[in-house]
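The structure under discussion appears below in the form of structure tokens.
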Amino acid sequence: KSIKIFAPATVANVAAGFDILGFALEKPGDEILIRKTDKTGIQIKNESAFTSMPLQPENNTAGVALQAYLDAIESKQGFEITFIKKVKPGSGIGSSAASSAAAVFGANELLGNPLPAKDLVAFAMEGERLASGSAHADNVAPALLGGFVLIRSYHPLDIIPLPTPERLCCSIIHPQIELKTEDARKVLKKQITLQNAVVQWGNTAGLIAGLFREDYALFGRSLQDVIIEPTRSILIPGYDQMKEAALQAGALGCNISGSGPSLFAFSTSLEEASRVAEAMQQVCSSLQIDSDIYVSRV
Ligand code: HSE
């Protein structure tokens with residue numbers, strides 16, 4: 001028998017927390033069906049509208065993640081995974097991460113949970129390595145654990161679940177332009193100034209303090225990124241106008257979701273989050289760029 005796994009879309013970085021902070025959305029998300037098979041090896045089927053997904057397990061993010069998990073627990077069990085993907089690949093809300101997280105989570109469940117969910121992050125990260133050339137955890141960790149998650153350290157991996165303020169809602173706009181994580185990482189500067197580092201870690205710490213204190217104002221004013229956003233925002237047409245429109249519509253803050261091209265904004269109610277999403281979409285429409293919007297609780 002197969003089981004159905006839901007893996008949420010996720011927002012990585014959250015402004016100041018490049019590669020170390022992410023959170024899960026209530027929706028949208030991907031679904032997979034996964035079952036054990038009698039023969040060994042991983043078989044992948046795709047029942048979603050996105051046909052570009054490679055079906056060979058060694059070229060598929062979920063296939064690679066699942067194989068890394070099976071190798072680690074020394075299992076020869078075969079699996080069949082059927083994708084019902086809803087999160088568009090390349091959208092910047094963790095599409096590849098959702099696939100990888102769902103595959104390892106589902107297999108672990110079918111094998112009687114030999115590992116706790118936190119320990120699955122390392123395997124799902126292998127899918128990210130295949131997708132983008134870098135094994136970042138800021139999408140897969142929240143996809144697996146839910147809520148906000150801090151990656152305190154990569155070596156060794158130290159994953160810290162964080163509290164999620166009750167009223168926090170998120171608006172996402174996905175402008176239909178192509179922006180690969182791999183390319184959006186290549187443009188980043190390798191050196192930063194001490195002055196910028198001070199601003200950045202002030203904001204990162206402020207964000208986390210805001211989560212613990214449920215202090216929306218502190219959280220909002222900490223949503224600033226002086227290191228990554230100036231470089232990456234240039235790759236997103238209309239970025240400054242969309243951000244301005246979100247803030248004008250009452251958002252607590254707005255920034256690039258992961259490596260883009262999506263933007264996220266926070267509000268304290270779903271109504272406000274809808275207004276913010278529509279305000280950003282109006283900017284896209286005025287620039288004749290098609291876009292999708294999502295509004296969700298966090
Ligand atoms: N932290 C990663 C990046 C997330 O910004 O490249 C990619 O979704």
Side-chain angles (χ1 to χ4, degrees), residues 7-25 28-30 50 61-62 64-65 85 87-102 121-122 124-145 148-155 157-160 162 170 172-175 177-190 192 196 200-201 203-204 207-208 223-236 239 243 253-265 292 294 298:
T10 48
V11 171
N13 300 341
V14 203
F18 178 70
D19 275 0
I20 62 149
L21 205 56
F23 66 90
L25 297 167
D30 278 355
F50 314 120
T61 54
V64 167
K85 278 193 83 64
V87 183
K88 279 188 194 160
S91 54
I93 49 171
S95 173
S96 59
S99 303
S100 304
V121 172
M125 283 166 66
E126 291 306 315
E128 296 293 74
R129 190 192 305 282
L130 177 73
S132 71
S134 102
H136 52 272
D138 47 345
N139 291 110
V140 289
L144 280 161
L145 303 175
F148 277 83
V149 181
L150 167 71
I151 297 100
R152 205 273 314 159
S153 151
Y154 275 87
H155 307 288
L157 198 56
D158 191 5
I159 307 282
I160 319 287
L162 300 168
C170 183
I172 301 279
I173 180 155
H174 173 208
I177 58 161
E178 200 183 343
L179 184 51
K180 292 203 171 96
T181 297
E182 193 167 2
D183 298 331
R185 292 182 81 86
K186 278 189 194 137
V187 299
L188 298 176
K189 298 194 182 86
K190 297 286 177 288
I192 60 170
N196 274 347
Q200 199 81 352
W201 56 56
N203 281 321
T204 316
L207 266 180
I208 296 195
L223 282 164
Q224 293 177 42
D225 166 15
V226 293
I227 293 176
I228 308 294
E229 185 194 35
T231 312
R232 279 188 174 167
S233 59
I234 298 166
L235 307 174
I236 304 170
Y239 179 81
K243 182 170 173 172
C254 173
N255 220 290
I256 304 170
S257 172
S259 57
S262 288
L263 277 68
F264 74 95
D292 291 328
Y294 306 96
V298 178

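As the structure lists them, so they are numbered: ligands from 1, and atoms in each ligand from 1. The figures that follow rest on heavy atoms only: side chains count, while hydrogens, waters and symmetry mates do not.
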Q: Please identify which atoms of ligand 1 are closer than 4.0 Å to at least one heavy atom of Asn13.
A: 1 (N), 2 (C), 3 (C), 5 (O)
Q) Hey, what do you get for CD1 (Ile151) to CD1 (Ile20), rounding to the nearest 0.5 Å? A) 7.5 Å
(Q) So if I count the atoms of ligand 1 from 1 in the order they appear, which ones are less than 4.0 Å from some heavy atom of Asp19? (A) 1 (N), 2 (C), 3 (C)
(Q) Quiz question: by atom type and distance under 3.5 Å, do the side chains of Ser257 and Ser262 form a donor-acceptor pair? (A) no
Q.
In this structure, does ligand 1 have an atom that sits under 4.0 Å from one of the heavy atoms of Arg232?
A. yes
Q.
Give me the nearest non-hydrogen protein atom to atom 7 (C) of ligand 1 as residue plus atom name, then the distance to 0.1 Å.
A. His136 NE2, 3.5 Å
Q. Quick one: does Tyr154's side chain have a donor or acceptor within less than 3.5 Å of a partner on Ala137's backbone?
A. yes
Q. Any chance the side chains of Arg185 and Ser132 put a donor and an acceptor closer than 3.5 Å?
A. no
Q: Provide the number and element of each atom of ligand 1 under 4.0 Å from a heavy atom of Phe18.
A: 3 (C), 5 (O), 6 (O)
Q: For Phe264 and Ala15, work out which heavy atoms get closest and say how close.
A: CZ-N, 3.9 Å
Q: Please confirm whether the backbone N or O of Ala98 pairs with a side-chain atom of Lys85, one donor and one acceptor, at under 3.5 Å?
A: no
Q. Which atoms of ligand 1 have any heavy atom of Arg185 under 4.0 Å away?
A. 1 (N), 2 (C), 3 (C), 6 (O)
Q. What atoms of ligand 1 come closer than 4.0 angstrom to any heavy atom of Ala12?
A. 4 (C)
**Q.** Protein contact to atom 8 (O) of ligand 1 [nearest heavy atom, distance to 0.1 Å]
**A.** Asn139 OD1, 2.9 Å
